[in-house]
Amino acid sequence: MSEKTLQHRIDGPDDAPVLVLGASLGTTWHMWDRQIPELTRQWRVIRFDLPGHGGSPAYPAASIAELADRLVATLDDLGIDRFGYAGCAMGAAIGAQLALAHPQRLSSLALVSASPRFGTADAWRQRGVVIRTNGLDPIARTAPERWFTPGFAAAQPAIIEWAVQMVRTTDPGCYIAACEALAAFDIRGELGRISAPTLVVVGSEDLVTPTADARTLVAGIQDAALALVPGTSHLAPVEQPAAVTELLIRHFSTSWQDKPAGQAALGATPPKPVLDPAPPQQPQPQPPAVAIEAPAEQPEMVRTGSYEEGMKVRRAVLGDAYVDRAAAAADDFTGDFQDFLTRVTWGEVWTRSGLDRRTRSVITLTALVTGGHLQNLAVHVRAALRNGLTPAEIKETLIHTAVYSGMPAAGAAFDVAQRVIREETTPED
């Protein structure tokens with residue numbers, strides 16, 4: 001197996017149609033164990049592990065698109081062209097990406113505990129900072145709170161311990177890369193291009209990908225149905241295996257298309273596989289595809305050149321919250337400077353290939369301390385953590401700077417950096 005493919009397991013008859021199952025971040029293909037006996041009655045089931053999960057080699061993937069491409073390469077090696085797909089959480093993101101990038105390969109799609117955008121980019125990158133500083137143990141210990149309802153956790157201590165150990169044994173670098181991939185994942189503006197018959201499954205108690213996210217998916221996808229699993233949290237296939245299995249069997253049995261997207265499927269058009277058991281609700285407003293829009297009075301010519309790439313890098317390094325505040329504070333007087341800053345600093349300098357972001361953060365911290373710009377130091381200490389510097393490396397940078405820029409400047413910088421590092425690297429309770 002190479003960096004371009006994924007570790008996988010095959011169960012079921014060799015001559016049956018193929019159904020691929022994708023796991024959640026921090027889990028292995030074993031999260032689908034309870035579905036296998038029933039699903040393999042009709043399908044040849046292929047499960048795969050994310051990089052660095054379970055026994056999978058630690059070849060980090062930079063994006064959801066790259067993971068989808070690796071899965072397609074794996075299926076190509078197996079000689080598989082058409083397949084159905086069901087994924088949970090990050091596995092669902094891979095499924096949605098498959099539907100967008102390889103629609104001709106998908107016969108049918110199920111998205112479990114899914115969202116068109118999983119939380120915020122800042123939250124995912126913050127999780128990466130915590131892992132670099134403290135390892136995976138804090139994430140592992142709190143995983144059951146995110147994945148299961150309190151009643152299930154109390155009644156199933158063995159499953160809770162299994163879940164914690166799965167996260168603990170994941171490769172930290174691959175987990176951080178997955179966090180970065182989810183930080184960049186946002187298909188809210190592309191849902192209308194998903195043409196595969198889709199079932200969206202959500203637990204009624206899921207706080208990670210709540211029902212509002214599921215309804216956004218159903219509202220945006222051309223042919224989608226919603227199934228709400230009562231009394232269930234995020235890892236629905238583990239917490240309610242029988243209910244999820246029944247939903248998957250019903251969906252894939254009735255919606256399977258054996259011709260590529262754009263061609264008519266054989267047989268009569270099947271009914272919707274499930275009905276939403278929740279009471280009718282008002283349609284959820286779909287969030288905008290772009291977080292910040294240009295002020296109407298700003299001339300279009302200002303936002304040309306490398307502005308878009310600059311804004312992308314600026315958000316990745318400084319965080320959405322900081323950039324949103326800066327954009328909201330811009331007015332007729334400061335707006336042009338904000339555009340200039342984004343295009344030149346972030347679109348032309350930070351995007352140059354000669355230095356990586358870690359090195360640029362070291363240089364930036366040194367320059368800010370030397371110039372006495374402590375008002376900008378805190379945001380760039382946070383940026384350095386997001387760019388992969390550890391607290392120990394930031395400390396060494398400041399000590400080295402003290403020799404050449406003066407002890408008072410470095411001492412004041414240590415005060416700022418210590419406060420920021422404590423805030424950013426303390427795991428949430």
Side-chain angles (χ1 to χ4, degrees), residues 63 117 119-126 128-129 179-180 182-190 285-389 394 397 409 412-413 416-417 419-421 423-424:
S63 66
R117 184 190 186 193
T120 66
D122 285 353
W124 286 111
R125 294 190 173 109
Q126 167 71 13
V129 169
C179 290
E180 291 289 336
L182 287 171
F185 181 78
D186 186 352
I187 59 168
R188 289 174 293 178
E190 301 178 74
Q286 186 167 346
V290 179
I292 299 298
E293 296 181 355
E297 67 275 8
Q298 201 63 260
E300 184 65 25
M301 62 177 293
V302 173
R303 298 191 181 278
T304 58
S306 54
Y307 177 86
E308 293 300 329
E309 181 64 20
M311 180 58 76
K312 179 180 177 182
V313 175
R314 189 180 181 189
R315 287 183 176 279
V317 174
L318 299 184
D320 286 335
Y322 177 85
V323 177
D324 286 349
R325 287 195 299 271
D331 55 21
D332 289 342
F333 184 71
T334 62
D336 286 350
F337 175 73
Q338 287 294 321
D339 288 339
F340 175 79
L341 179 69
T342 300
R343 287 186 292 108
V344 176
T345 302
W346 300 101
E348 295 182 11
V349 176
W350 274 80
T351 56
R352 291 175 64 87
S353 60
L355 297 173
D356 60 24
R357 290 184 186 175
R358 284 169 48 87
T359 305
R360 292 187 186 279
S361 276
V362 170
I363 296 170
T364 302
L365 293 179
T366 303
L368 290 174
V369 174
T370 302
H373 304 300
L374 296 184
Q375 71 274 18
N376 298 116
L377 184 62
V379 68
H380 277 281
V381 170
R382 289 188 175 90
L385 291 167
R386 293 160 68 94
N387 283 340
L389 289 179
I394 293 174
T397 299
V416 174
R419 172 177 55 82
V420 172
I421 289 171
E423 291 173 356
E424 294 296 307

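Computed over heavy atoms, backbone and side chain alike; hydrogens, waters and symmetry mates excluded.
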Are any of the side-chain heavy atoms of L318 and H380 separated by less than 4.5 Å? yes
Nearest heavy-atom pair of G354 and R360: which atoms, and what distance? N-NH2, 4.3 Å
Taking R343 first and then D336, would you say they form a salt bridge - that is, a charged N and a carboxylate O separated by under 4.0 Å? no
With sequence neighbours left out, write down each residue that passes side-chain contact (heavy atoms from CB on, under 4.5 Å) with A184, or none if nothing qualifies. none
Using every non-hydrogen atom in the two residues, find where A183 and W124 come nearest and quote the distance to one decimal. CB-CB, 3.8 Å
Nearest heavy-atom contact between G388 and R358 is O-NH1, 2.7 Å
Search all heavy atoms of A121 against all heavy atoms of D320 and return the closest pair with its distance. CB-OD2, 3.5 Å
Output yes when R386 and E424 qualify as a salt bridge under the 4.0 Å nitrogen-oxygen rule, no when they do not. no
N/O donor to acceptor pairs below 3.5 angstrom from side-chain atoms of residues 365-374, sequence neighbours left out:
unit_1, atom_1, unit_2, atom_2, d
T366, OG1, V362, O, 2.9
T370, OG1, T366, O, 2.8
T370, OG1, S405, OG, 2.6

Please, which pairs that meet salt bridge (Lys or Arg N to Asp or Glu O under 4.0 Å) have at least one residue in residues 344-356, sequence neighbours excluded? none
Would you say the side chain of V416 lies within less than 4.5 Å of the side chain of R419, judging by non-hydrogen atoms? yes
Can you check side-chain contact (heavy atoms from CB on, under 4.5 Å) on V344 and W350, steps first, answer last? CA-CA 9 Å; V344 176; W350 274 80; over 6 Å; no
Contact summary for N387 and S361, nearest pair of heavy atoms: ND2-OG, 2.9 Å
side-chain contact (heavy atoms from CB on, under 4.5 Å) between W346 and T351: does it pass, once the steps are laid out? CA-CA 7 Å; W346 300 101; T351 56; over 6 Å; no
Does the side chain of Q126 come under 3.5 Å of the side chain of R382 through a donor N or O and an acceptor N or O? no
Pairwise side-chain contact, V313 with E309, heavy-atom cut-off 4.5 Å (strictly under): yes
Steps toward side-chain contact (heavy atoms from CB on, under 4.5 Å) verdict (R357, V317): CA-CA 8 Å; R357 290 184 186 175; V317 174; 4.1 Å; yes
Could you tell me if the side chain of D339 sits less than 4.5 Å from the side chain of F337, heavy atoms only? no
As an exercise, state the distance from CG of D324 to OG1 of T120, rounded to the nearest 0.5 Å. 10.0 Å
Nearest heavy-atom pair of T342 and M311: which atoms, and what distance? CG2-N, 3.4 Å
